[in-house]
Number of protein chains: 2
Amino acid sequence: MDRPPLLRLALLLPGIAIALRPSLRALGSLHLNSPASRPAVVLNYSVLYFQQKVDHFGFNNPKTFKQRYLISDKHWQRDGGSILFYTGNEGDIVWFCNNTGFMWDVAEELKAMLVFAEHRYYGESLPFGADSFKDSRHLNFLTSEQALADFAELIRHLKRTIPGAGDQPVIAIGGSYGGMLAAWFRMKYPHVVVGALAASAPIWQFEDLVPCNVFMKIVTADFRKSGPNCSESIRRSWDAINRLSKTGSGLWWLAQALHLCSPLTLDDVQHFKEWISETWVNLAMVDYPYESNFLQPLPAWPIKVVCQYLKNPNVSDSLLLQNIFQALNVYYNYSGQAKCLNISETATSRLGILGWSYQACTEMVMPFCANGVDDMFEPFLWNLKQFSDECFNQWGVRPRPSWITTLYGGRNISSHSNIIFSNGDLDPWSGGGVTKDISDTLVAITIPEGAHHLDLRANNAYDPASVLSARSLEVRHMKQWIRGFHDNARRRH
Amino acid sequence: MDRPPLLRLALLLPGIAIALRPSLRALGSLHLNSPASRPAVVLNYSVLYFQQKVDHFGFNNPKTFKQRYLISDKHWQRDGGSILFYTGNEGDIVWFCNNTGFMWDVAEELKAMLVFAEHRYYGESLPFGADSFKDSRHLNFLTSEQALADFAELIRHLKRTIPGAGDQPVIAIGGSYGGMLAAWFRMKYPHVVVGALAASAPIWQFEDLVPCNVFMKIVTADFRKSGPNCSESIRRSWDAINRLSKTGSGLWWLAQALHLCSPLTLDDVQHFKEWISETWVNLAMVDYPYESNFLQPLPAWPIKVVCQYLKNPNVSDSLLLQNIFQALNVYYNYSGQAKCLNISETATSRLGILGWSYQACTEMVMPFCANGVDDMFEPFLWNLKQFSDECFNQWGVRPRPSWITTLYGGRNISSHSNIIFSNGDLDPWSGGGVTKDISDTLVAITIPEGAHHLDLRANNAYDPASVLSARSLEVRHMKQWIRGFHDNARRRH
């Protein structure tokens with residue numbers, strides 16, 4: 001774990017840095033740094049381990065490892081019941097379990113057993129223990145295909161060992177990368193899961209399936225509509241920083257004005273701007289309608305709060321940057337406890353970032369760019385060559401950017417069935433998501449007031465109506481899948 | 001290639017030997033020893049090579065190899081046309097190309113480009129050249145999943161590089177293991193192929209999906225209905241052999257009476273009986289309605305010819321065995337050129353047997369057994385433990401018998417679409433095949449007078465009506481898939 005994550009390397013390179021970041025960071029960090037959303041509620045589950053093959057796709061390597069999973073059967077009923085299976089993504093499964101209140105909220109209605117399966121190479125499910133991230137040889141088994149095979153083997157095991165579970169329909173549920181896995185799981189293993197809820201799953205954020213700037217455009221739109229001149233203020237801030245950075249005194253002033261923990265040097269400026277960009281990106285993802293405790297404690301609708309400080313773009317560089325500081329301070333210091341802002345403190349220092357940076361360098365190659373016109377960011381291009389070289393330097397592997405679409409079908413997925421793609425309009429990842437119905441059984445649910453998989457979060461008094469109706473539609477589909485399964489089973493007997 | 005194939009080892013072990021054999025041999029040998037069915041017709045195709053990753057499912061191994069494939073575009077039309085893609089199985093692709101006359105016969109009607117893709121580790125498509133079968137490390141990439149990924153990558157390549165091919169629907173076609181691959185290809189890559197014709201594909205010959213004796217029962221039924229007392233004569237022959245084998249003079253007599261090339265010892269008796277059993281199995285597979293040139297030149301309806309010598313089971317041991325010799329002689333000496341019968345000459349000494357013996361020891365674990373009551377064979381049990389030990393001795397790997405059903409769904413495949421499963425009632429492999437419709441788009445076609453994938457063979461004047469109507473139904477389905485694809489494409493534009 002002492003290797004610098006790719007992110008750090010990337011930060012030193014203009015252009016691809018941001019391009020790397022949302023893929024490395026947004027998906028990765030999003031899930032890794034937030035304490036439970038419902039600290040007051042105690043969730044009861046059993047922690048179990050299942051012996052998995054390290055390599056499902058070959059026979060030469062007999063090695064196995066322990067995959068962690070959590071089970072709660074409080075509301076499970078053998079008669080007409082179901083199994084909700086969380087397809088774990090890039091982090092500690094306990095954390096996902098605590099942050100997927102939706103499953104806990106619907107367990108009783110669906111008479112459901114809840115299972116949360118940890119993704120290999122994350123949390124405690126490390127195929128080679130402390131050596132898991134040592135080199136590309138040890139990382140060779142960190143792929144989405146291996147993770148899906150783990151899920152299939154685990155479900156087979158549960159169905160064979162838990163009396164009554166064999167006759168139950170299983171529904172895959174996941175958010176973000178976990179949502180991609182849930183959708184892909186239904187596509188590749190439709191005999192294992194009767195359907196999938198893929199929340200905020202950007203399955204089309206690959207190759208040229210969507211424009212590379214769609215992500216940054218959505219971030220920008222969030223700021224644009226959260227306050228007058230808000231996005232324009234941010235757009236102008238980059239040049240202001242560039243002008244101030246030209247002199248030593250300007251750099252000194254910047255560090256003071258933004259209460260940075262360390263002085264700024266010319267070499268840090270790119271990193272500094274990317275740190276700010278990332279803050280806006282993260283805010284867009286967690287722009288939830290109620291107070292939440294994510295990277296930092298945040299107010300309800302945090303972008304609105306941020307934008308209160310960014311009403312006037314037509315001010316001096318120094319005033320603009322002072323306003324930017326106030327805005328950043330909402331994100332980094334809502335608690336009022338921070339003494340200074342630390343630009344080298346990535347929000348991703350916990351488990352998961354190493355694994356995700358490898359995945360982003362192999363299968364999960366998501367092109368990003370910005371043009372500064374349709375978005376509020378400094379322009380940068382998607383440069384695959386440079387990205388590939390970075391990956392090779394970092395991990396000794398090169399990405400195969402077309403593999404995911406070859407394997408999972410890209411936009412051509414209409415022959416599948418029983419997948420719900422839910423997306424929040426506020427969520428920048430919705431740009432790479434499925435937001436229109438593909439067929440009667442491949443349905444898109446959009447949540448106008450939703451940020452990143454708001455629908456998977458626990459019910460909250462401040463939930464907008466749109467997320468409530470999304471959840472209820474999701475439950476209706478799931479009930480239909482469950483009923484269909486039991487009807488078929490009855491017909492067979 | 002100088003290691004003894006697992007088959008050889010197996011022959012020395014009672015019980016599992018036969019159990020191994022159909023899987024190793026029948027599928028393997030079937031395709032490997034027959035000259036082209038239409039020697040008079042010259043097929044024009046281009047031989048091409050495509051650089052494939054040795055490991056599609058990991059990023060640590062950058063090695064590539066050349067996959068061979070054949071293309072014929074004589075009848076291909078860009079307007080409303082199609083691509084018929086043969087999913088190569090365990091042998092030289094040129095041989096499959098020459099023996100899949102059906103594709104050549106329908107090319108014009110379907111305005112189709114024909115592509116025959118060689119399966120990795122067979123023919124010229126050897127990932128590690130001469131070292132490919134050296135050990136389990138080199139064999140690690142010989143799996144059905146890697147083969148399917150090869151096919152997907154090859155089709156992507158063809159669609160990108162052949163002008164006009166990008167807009168064409170692709171249909172997978174294969175027989176036997178190749179038929180399994182065609183079906184699985186449609187299941188796992190429905191975005192790549194619009195449908196699949198899986199001829200004589202025993203996708204259910206795994207675990208306990210069908211009774212392990214179904215294969216031998218069908219072989220027996222073929223003999224039972226091909227002549228009075230035919231199967232009964234064979235059933236009684238085993239004890240006759242056992243009795244004769246008890247003395248040195250009996251063994252000497254047997255070798256003389258059956259015109260064996262070498263004398264028989266007590267140690268050879270099991271092998272000798274399995275060689276005879278295998279002959280009956282092979283005859284059942286190639287019981288075609290016209291003269292064909294397979295392992296050996298054979299008459300039309302060869303089992304009928306064989307059974308002419310096996311009309312009377314109630315004779316002395318020596319007369320019964322003399323009759324058995326006449327029957328074997330039909331198979332091994334129809335040409336009249338053989339000087340003696342060689343029981344160590346397996347019908348599978350050409351390419352493919354090594355690769356298939358590895359596949360049978362890893363993924364393709366097909367349980368076989370016989371009870372001597374419902375079939376005409378000496379009883380033997382399916383013994384997984386013994387099988388696994390044999391595999392470990394041979395290849396240093398152990399089979400995972402449940403992996404194929406976990407991966408491909410076993411009997412639970414109803415959520416897929418556009419697959420034709422064709423089976424001949426004479427074919428012992430039909431016992432593990434899909435012989436009833438699963439849905440409107442997963443259809444079974446049975447050919448009462450058909451042996452192993454007769455429908456894939458070229459049109460022949462002696463074809464029974466049932467295979468003609470099977471082929472025409474297959475074409476009708478394929479046309480529907482092609483039309484559906486072009487209609488969808490038009491709707492999108």
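Worth knowing before you read on, the calculation uses all heavy atoms, side chains too, and leaves out hydrogens, waters and symmetry mates. Order of the sequence lines fixes the chain letters, A, B, ..., with proteins taken first and strands second; residue numbering starts at 1 for each chain.
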(message) Using side chain to side chain contact (heavy atoms under 4.5 Å, CB included), reason through B:V365 and B:F387 one step at a time and then give a plain yes or no.
(response) CA-CA 9 Å; B:V365 187; B:F387 181 84; 3.9 Å; yes
(message) For chain A, which candidate among B:A149, B:G58, B:A152 shows the most heavy-atom pairs at distances under 4.5 Å?
(response)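 Between B:A149, B:G58, B:A152, the count favours B:G58.
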(message) Report which part of A:L407 has an atom under 4.5 Å of a heavy atom belonging to chain B: side chain, backbone, both, or neither.
(response)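 Both parts, backbone and side chain.
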(request) Please assess B:F392 against B:V397 for the test side chain to side chain contact (heavy atoms under 4.5 Å, CB included), listing each intermediate value before the final yes or no. (result) CA-CA 5 Å; B:F392 191 75; B:V397 297; 6.0 Å; no
(message) Let's test your reading of the structure: which of A:G409, A:P399, A:G410 forms the most heavy-atom pairs below 4.5 Å with chain B?
(response) A:G409
(request) Check the pair A:I83, A:I171 against side chain to side chain contact (heavy atoms under 4.5 Å, CB included), reporting the backbone distance first and the verdict last. (result) CA-CA 6 Å; A:I83 298 172; A:I171 292 173; over 6 Å; no
(request) With rounding to the nearest 0.5 Å, note down the distance linking SG in B:C361 to CG in B:L139. (result)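 These two atoms lie 10.5 Å from each other.
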(message) Go through it in stages, so that I can follow the logic: the residues are B:V170 and B:V192, the test is side chain to side chain contact (heavy atoms under 4.5 Å, CB included), and I'd like the CA-CA distance, side-chain angles, deciding distance and then a yes or no.
(response) CA-CA 7 Å; B:V170 182; B:V192 176; 5.6 Å; no
(request) Please report the shortest heavy-atom distance between B:L148 and B:L181, naming the atom on each side. (result)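 Where B:L148 meets B:L181 most closely, the heavy atoms are CD2-O, 3.5 Å.
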(request) Could you tell me which non-hydrogen atom of A:V54 sits nearest to which non-hydrogen atom of A:P127, and how far apart they are? (result) CG2-CB, 4.2 Å
(request) Using ring pair (Phe, Tyr, Trp, His ring centres under 6.0 Å) as the criterion, list what pairs up with B:F85, not counting sequence neighbours. (result) B:F151
(message) What part of B:I155 gets within 4.5 angstrom of chain A, counting heavy atoms only: side chain, backbone, both, or neither?
(response)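 Neither part.
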Could you pull out every donor-acceptor pair under 3.5 Å between chain A and chain B?
unit_1: A:H56; atom_1: O; unit_2: B:R400; atom_2: NH1; d: 3.2
unit_1: A:H56; atom_1: O; unit_2: B:R400; atom_2: NH2; d: 2.8
unit_1: A:G58; atom_1: O; unit_2: B:R400; atom_2: NH2; d: 3.1
unit_1: A:F59; atom_1: N; unit_2: B:N140; atom_2: OD1; d: 3.0
unit_1: A:N60; atom_1: N; unit_2: B:N140; atom_2: OD1; d: 3.0
unit_1: A:N60; atom_1: OD1; unit_2: B:S136; atom_2: OG; d: 2.5
unit_1: A:S136; atom_1: OG; unit_2: B:N60; atom_2: OD1; d: 2.5
unit_1: A:N140; atom_1: OD1; unit_2: B:F59; atom_2: N; d: 3.0
unit_1: A:N140; atom_1: OD1; unit_2: B:N60; atom_2: N; d: 3.0
unit_1: A:R156; atom_1: NH1; unit_2: B:T405; atom_2: OG1; d: 3.1
unit_1: A:R156; atom_1: NH1; unit_2: B:T406; atom_2: OG1; d: 2.8
unit_1: A:R156; atom_1: NH2; unit_2: B:E207; atom_2: OE1; d: 2.9
unit_1: A:R156; atom_1: NH2; unit_2: B:E207; atom_2: OE2; d: 2.9
unit_1: A:K188; atom_1: O; unit_2: B:K188; atom_2: NZ; d: 2.5
unit_1: A:K188; atom_1: NZ; unit_2: B:K188; atom_2: O; d: 2.5
unit_1: A:H191; atom_1: O; unit_2: B:N412; atom_2: ND2; d: 3.1
unit_1: A:H191; atom_1: NE2; unit_2: B:T406; atom_2: O; d: 2.7
unit_1: A:H191; atom_1: NE2; unit_2: B:G409; atom_2: N; d: 3.4
unit_1: A:E207; atom_1: OE1; unit_2: B:R156; atom_2: NH2; d: 2.9
unit_1: A:E207; atom_1: OE2; unit_2: B:R156; atom_2: NH2; d: 2.9
unit_1: A:R400; atom_1: NH1; unit_2: B:H56; atom_2: O; d: 3.2
unit_1: A:R400; atom_1: NH2; unit_2: B:H56; atom_2: O; d: 2.8
unit_1: A:R400; atom_1: NH2; unit_2: B:G58; atom_2: O; d: 3.1
unit_1: A:T405; atom_1: OG1; unit_2: B:R156; atom_2: NH1; d: 3.1
unit_1: A:T406; atom_1: O; unit_2: B:H191; atom_2: NE2; d: 2.7
unit_1: A:T406; atom_1: OG1; unit_2: B:R156; atom_2: NH1; d: 2.8
unit_1: A:G409; atom_1: N; unit_2: B:H191; atom_2: NE2; d: 3.4
unit_1: A:N412; atom_1: ND2; unit_2: B:H191; atom_2: O; d: 3.1

